[in-house]
Amino acid sequence: MANEEIARIFYEIADLLDLEGVRFKPEAYRRAARTLEQLPSEVRTLKDPQAIRALPGIGEALSLKIEEYRETGKVPYLDRLREKWPPGLLEIMRLEGVGPKTTRRFHQELGIADLAGLKAALEAGQLDHLAGFKARKVELLRRALSQAGTVGLPSGGGRRIPLPEAQRMADELMAAFRASGVPVDRLVYAGSLRRRREDVGDLDLLATTRGDPRSVMEAFLHLPPVREVRLSGETKTTVVLDGGLQVDLRVVAPEAFGAAWQYFTGSKDHNIRLRTLAQQKGWKINEYGLSRGEERTAAPTEEAVYAAVGFPWIPPEIRENQGEFEAALEGASPGRSSLGTSGGSSTSMPPPPSGRGTSTPGSGRPGARSSGTWGSSSGPRTWPRARSGWRGSAGACRGWWEGSGSSSRWRPPSAAQRRGRGRSGPGPTCGSPGREGPGGPCPRPLARGSAGPGPICSSTPRMDPSRRRV
DNA sequence: TAGACCACGCATGGTG
DNA sequence: CACCATGCGTG
DNA sequence: GTCTA
């Protein structure tokens with residue numbers, strides 16, 4: 001019995017609980033599901049209940065359910081939930097841009113129970129009478145629906161690609177991006193690719209610039225392989241490539257590079273843990289740096305982020321909240337050693353051989369190496385020294401600086417800028433059919449090969465069916 | 001056993 | 001028009 | 001739901 005199986009069950013329970021509007025539980029189930037998925041493949045099948053109970057995010061109740069499933073092949077709790085909701089609702093909820101709230105409204109207010117019903121209601125114009133649903137949203141829904149039919153759930157969406165392939169695509173994309181001549185200072189990849197997961201669901205790129213991030217976004221949107229623009233703002237843009245791969249780009253000021261890279265690399269659970277730990281020390285961490293009250297500390301390096309919370313730099317490969325924090329403390333405190341023990345793995349420890357050096361600290365730019373020796377598989381690794389007392393420039397690291405040197409001027413991303421976005425900005429998503437967004441036409445309108453009467457920018461694979469995140 | 005449960009960006013629609 | 005809340009999404 | 005104070 002594969003852990004994946006249980007993970008899927010937990011994901012489904014989470015979705016159903018979401019439908020019910022339950023708070024916190026859904027995330028708890030997903031957290032547990034992610035933990036199960038990440039167990040080292042050699043241990044795909046766990047035997048000792050106690051060991052399971054010790055895994056992060058899995059407590060009394062969930063370990064019992066696991067045990068239950070193992071012995072009876074069933075999880076009654078899930079069955080009960082399933083009885084309460086038409087199965088079609090889950091399909092609806094997986095539509096792009098449609099979440100639990102919207103799904104429940106469809107069901108409760110319009111009696112919609114599945115995709116077919118939704119489509120019918122859409123064509124009958126029933127959605128127009130739904131509060132909060134105006135032309136724009138209806139159009140987006142129409143798009144999502146048309147895609148669900150074609151590329152839909154089965155294999156089209158949610159496909160994860162093997163690391164090597166993802167690496168190639170990232171390299172190519174970054175090269176093309178650079179070649180476009182944008183004024184990006186640093187350009188690196190993050191996410192599960194940087195964590196060297198076996199396969200990745202999307203690409204995460206991070207760039208820094210001292211100039212106007214909008215011009216960076218603009219250039220990105222027009223890269224050749226970009227098929228569709230899902231959303232695009234001043235600091236964050238999401239596109240879909242021709243192959244169906246989603247790529248997220250974030251742009252921050254150089255001063256925030258470390259914080260942003262850390263955040264964007266994840267994993268989610270690692271980030272939450274780190275931020276929670278920071279919280280306990282009175283710090284707040286976000287992708288722009290650290291803050292404590294009015295006090296603000298930028299974070300040009302990842303080290304600075306970890307150091308603020310009292311940790312050495314942690315290699316991306318083990319950032320899964322699977323014991324790396326505990327291990328880091330042991331390694332850092334004189335006297336003890338041995339990682340292992342805690343809960344799961346911490347196995348995949350030794351980073352890839354420095355061979356293609358790109359991966360770890362440098363990610364494509366070895367010069368960015370922010371740490372000492374973490375290579376050579378042998379011996380107790382030397383955790384990079386945590387530099388404490390590091391202080392960055394004051395002021396939030398959001399927005400960007402105009403000009404440079406002492407004359408540089410801080411420009412927060414304000415409403416004024418959004419207004420000014422007028423003709424030159426990226427503009428919202430892809431304009432609705434008939435019109436173009438303020439930012440001009442979508443790159444590659446009418447994607448080639450997009451089956452069906454696709455609205456602009458159509459044909460996009462969907463997320464993983466189980467809504468699992470990278 | 002009570003209480004907390006990360007932190008944020010973008011798009012949309014509603015309000016004044 | 002500016003502003004805010006909401007929903008969905010990212011790690 | 002889990003976890004911690």
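Numbers restart at 1 for each chain; the letters A, B, ... are given by sequence-line order, proteins then strands.
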Check every strand shown and say whether [X] touches a base, only sugar-phosphate, or nothing at a heavy-atom separation below 4.0 Å.
| X | answer |
| --- | --- |
| A:Glu27 | nothing |
| A:Tyr29 | sugar-phosphate |
| A:Thr265 | sugar-phosphate |
| A:Gln280 | sugar-phosphate |
| A:Phe264 | sugar-phosphate |
| A:Lys236 | base |
| A:Arg250 | sugar-phosphate |
| A:Leu17 | nothing |

Give the rounded distance in Å between these two atoms: [atom1] of [X] and [atom2] of [N].
| X | N | atom1 | atom2 | result |
| --- | --- | --- | --- | --- |
| A:Leu231 | C:dG7 | CG | P | 18 Å |
| A:Gln279 | B:dG3 | CD | P | 18 Å |
| A:Arg143 | B:dT12 | CZ | C1' | 14 Å |
| A:Asn271 | C:dT10 | CG | P | 14 Å |
| A:Glu287 | B:dA7 | CD | P | 11 Å |
| A:Arg80 | D:dG1 | CZ | P | 9 Å |
| A:Glu96 | C:dC8 | CD | C1' | 9 Å |

Give a yes/no answer on whether the side chain of [X] brings an N or O atom under 4.0 Å of OP1 or OP2 in [N].
| X | N | result |
| --- | --- | --- |
| A:Asn286 | B:dC8 | yes |
| A:Tyr288 | B:dG9 | yes |
| A:Ser232 | B:dC10 | no |
| A:Lys65 | D:dG1 | yes |
| A:Lys25 | D:dG1 | yes |

(request) Could you tell me whether A:Phe133 and A:Phe106 have their ring centroids closer than 6.0 angstrom? (result)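 When the ring centroids of A:Phe133 and A:Phe106 are compared, they turn out to be within the sub-6.0 Å range.
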(request) In plain terms, say whether A:Glu5 and A:Arg70 are close enough for a salt bridge, that is, a side-chain N and a carboxylate O under 4.0 Å apart. (result)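 So A:Glu5 does not pair with A:Arg70 through a salt bridge.
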(request) Could you tell me whether A:Arg30 and A:Glu27 have a side-chain N and a carboxylate O separated by less than 4.0 Å? (result)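 A salt bridge links A:Arg30 with A:Glu27.
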(message) Is the terminal nitrogen or CZ of A:Arg194 (NZ for Lys, CZ for Arg) located under 6.0 angstrom from the six-membered ring centre of A:Trp261 and within 45° of that ring's axis?
(response)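 Verdict for A:Trp261: a cation-pi partner in A:Arg194.
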(message) Run the side chain to side chain contact (heavy atoms under 4.5 Å, CB included) test on A:Arg197 and A:Arg160 for me, step by step, so that the C-alpha distance in whole Å, both residues' side-chain angles and the decisive distance to 0.1 Å come before the verdict.
(response) CA-CA 11 Å; A:Arg197 300 284 305 178; A:Arg160 298 177 72 82; 5.5 Å; no
(request) For D:dT4 and B:dC6, measure between their P atoms and round to the nearest Å. (result)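 So the two P atoms sit 14 Å from each other.
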(request) Between D:dG1 and B:dA11, how far apart are the P atoms? Round to whole Å, please. (result)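 The answer is 37 Å between these two P atoms.
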(message) What I'd like to find out is whether the side chain of A:Glu4 reaches to under 4.5 Å of the side chain of A:Leu36, using heavy atoms alone.
(response)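 Not touching, per the 4.5 Å side-chain cut-off.
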